[in-house]
Amino acid sequence: ILNVEQSPQSLHVQEGDSTNFTCSFPSSNFYALHWYRWETAKSPEALFVMTLNGDEKKKGRISATLNTKEGYSYLYIKGSQPEDSATYLCAFKAFNKFYFGSGTKLNVKP
Amino acid sequence: GAVVSQHPSWVICKSGTSVKIECRSLDFQATTMFWYRQFPKQSLMLMATSNEGSKATYEQGVEKDKFLINHASLTLSTLTVTSAHPEDSSFYICSARDVTGTSGYNEQFFGPGTRLTVL
């Protein structure tokens with residue numbers, strides 16, 4: 001089992017704050033790193049697929065970076081809104097399987 | 001597009017009974033589906049990989065006779081928890097891989113999950 005760690009476990013921010021969290025994964029046998037947004041009672045929604053060292057992806061106010069050599073990815077949310085409240089999961093893909101972190105639960109207060 | 005449904009969304013059953021969970025890809029064909037389990041405050045853990053028309057591949061430590069997986073069509077996979085016990089209480093979630101996805105990295109699309117409580 002490959003170890004994927006996410007930090008922090010939970011985060012409480014005020015509306016308008018910018019925030020970021022981390023996904024750490026093994027630096028060997030890397031194939032891809034996926035980020036998902038997961039709201040309660042809904043399906044995890046794919047945010048980004050990152051494959052190359054140095055990748056930066058952006059979708060609206062959310063962006064992500066990737067460092068495969070040191071084994072980490074950052075997810076940034078600029079100007080958090082209450083609707084950003086969700087659990088953010090990262091998944092490390094290797095050997096044709098996904099290995100998930102335990103997620104960062106974000107709560108944005110109005 | 002790429003919607004996966006899962007049924008039921010929650011189920012409560014008595015110890016010793018069997019429970020079947022369905023996973024359907026609604027708008028695409030999925031030759032491969034995955035079943036995950038999540039215990040409280042833990043990560044999603046892959047239980048098994050289900051390939052249409054063939055036997056599922058189980059991860060180490062997952063009892064194949066207890067967690068029966070059937071993937072009889074390109075849009076449906078089922079997980080049956082046989083003789084369920086309280087320790088099987090967990091959140092079960094499936095995903096389906098769209099092999100024709102434009103991402104080229106065979107993204108997985110998830111169902112919303114099933115909360116199983118065994119009394």
Side-chain angles (χ1 to χ4, degrees), chain A residues 1-11 21-26 29-53 55 57 59 64 66 68 73 86-106, chain B residues 1-10 23-28 30-51 56-62 90-99 101-115:
Chain A
I1 296 177
L2 301 180
N3 197 31
V4 179
E5 295 186 356
Q6 288 187 250
S7 62
Q9 195 171 32
S10 64
L11 200 51
F21 16 95
T22 307
C23 173
S24 301
F25 51 86
N29 299 302
F30 178 86
Y31 184 77
L33 193 284
H34 293 241
W35 280 101
Y36 292 88
R37 180 175 177 275
W38 195 4
E39 291 183 69
T40 304
K42 294 186 179 179
S43 303
E45 171 199 354
L47 287 175
F48 303 114
V49 181
M50 310 186 78
T51 57
L52 298 174
N53 185 44
D55 249 358
K57 297 275 177 96
K59 191 185 235 185
L66 179 68
T68 60
S73 176
T87 295
Y88 292 82
L89 291 178
C90 69
F92 169 74
K93 188 172 182 182
F95 309 112
N96 214 26
K97 295 178 185 176
F98 279 55
Y99 299 88
F100 283 85
S102 53
T104 293
K105 188 169 184 178
L106 175 66
Chain B
V3 178
V4 176
S5 71
Q6 203 170 325
H7 179 80
S9 55
W10 59 270
C23 177
R24 292 180 186 272
S25 56
L26 298 185
D27 51 4
F28 65 99
T31 54
T32 305
M33 290 185 173
F34 302 89
W35 287 96
Y36 294 85
R37 178 169 54 181
Q38 185 182 36
F39 292 107
K41 297 191 178 181
Q42 294 187 23
S43 310
L44 291 175
M45 295 294 291
L46 181 66
M47 297 175 67
T49 301
S50 163
N51 293 298
T57 303
Y58 290 82
E59 295 300 299
Q60 194 172 9
V62 178
S90 186
F91 185 77
Y92 293 86
I93 189 167
C94 70
S95 70
R97 188 160 69 188
D98 177 5
V99 294
T102 56
S103 73
Y105 288 93
N106 294 342
E107 287 186 62
Q108 295 185 38
F109 299 96
F110 286 86
T114 297
R115 173 77 57 194

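Naming convention: chains lettered A, B, ... in sequence-line order (proteins, then strands); numbering from 1 in each chain.
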Enquirer: Given that the side chain runs from C-beta out, which part of B:E59 has a heavy atom under 4.5 Å from chain A: side chain, backbone, both or neither?
Expert: side chain
Enquirer: At a heavy-atom separation under 4.5 Å, does B:Q38 approach chain A through its side chain, its backbone, both, or neither?
Expert: side chain
Enquirer: Taking CD in A:E39 as the centre, count heavy atoms belonging to other residues, nucleotides or ligands within less than 6.0 Å. Is the count above 12?
Expert: yes
Enquirer: Between NZ of B:K41 and NZ of A:K105, what distance do you get to the nearest 0.5 Å?
Expert: 10.0 Å
Enquirer: Would one find more than 12 heavy atoms of other residues, nucleotides or ligands at under 6.0 Å from atom NZ of A:K57?
Expert: yes
Enquirer: Against chain A, label B:F91 side chain, backbone, both or neither, depending on which of its atoms sit under 4.5 Å from a heavy atom there.
Expert: side chain
Enquirer: Do the ring planes of A:Y36 and B:F110 sit parallel (below 30°), tilted (30 to 60°) or perpendicular (above 60°)?
Expert: perpendicular
Enquirer: Between A:K42 and chain B, with a heavy-atom cut-off of 4.5 Å, which part of the residue counts as in contact: side chain, backbone, both or neither?
Expert: backbone
Enquirer: Compare every heavy atom of A:A41 with every heavy atom of B:P112, then report the nearest pair and how far apart it is.
Expert: CB-O, 4.2 Å
Enquirer: Ring centres of A:F98 and B:Y36 under 6.0 Å apart?
Expert: no
Enquirer: Measuring heavy-atom distances to chain A, does B:L46 have an atom under 4.5 Å in its side chain, in its backbone, in both, or in neither?
Expert: side chain
Enquirer: Looking at CG of A:N96 and OG1 of B:T32, how far apart are the two atoms once the value is rounded to the nearest 0.5 Å?
Expert: 8.0 Å
Enquirer: Among the options A:S102, A:A91, A:G101, A:S43, pick out the one with the most heavy-atom pairs lying under 4.5 Å from chain B.
Expert: A:S43
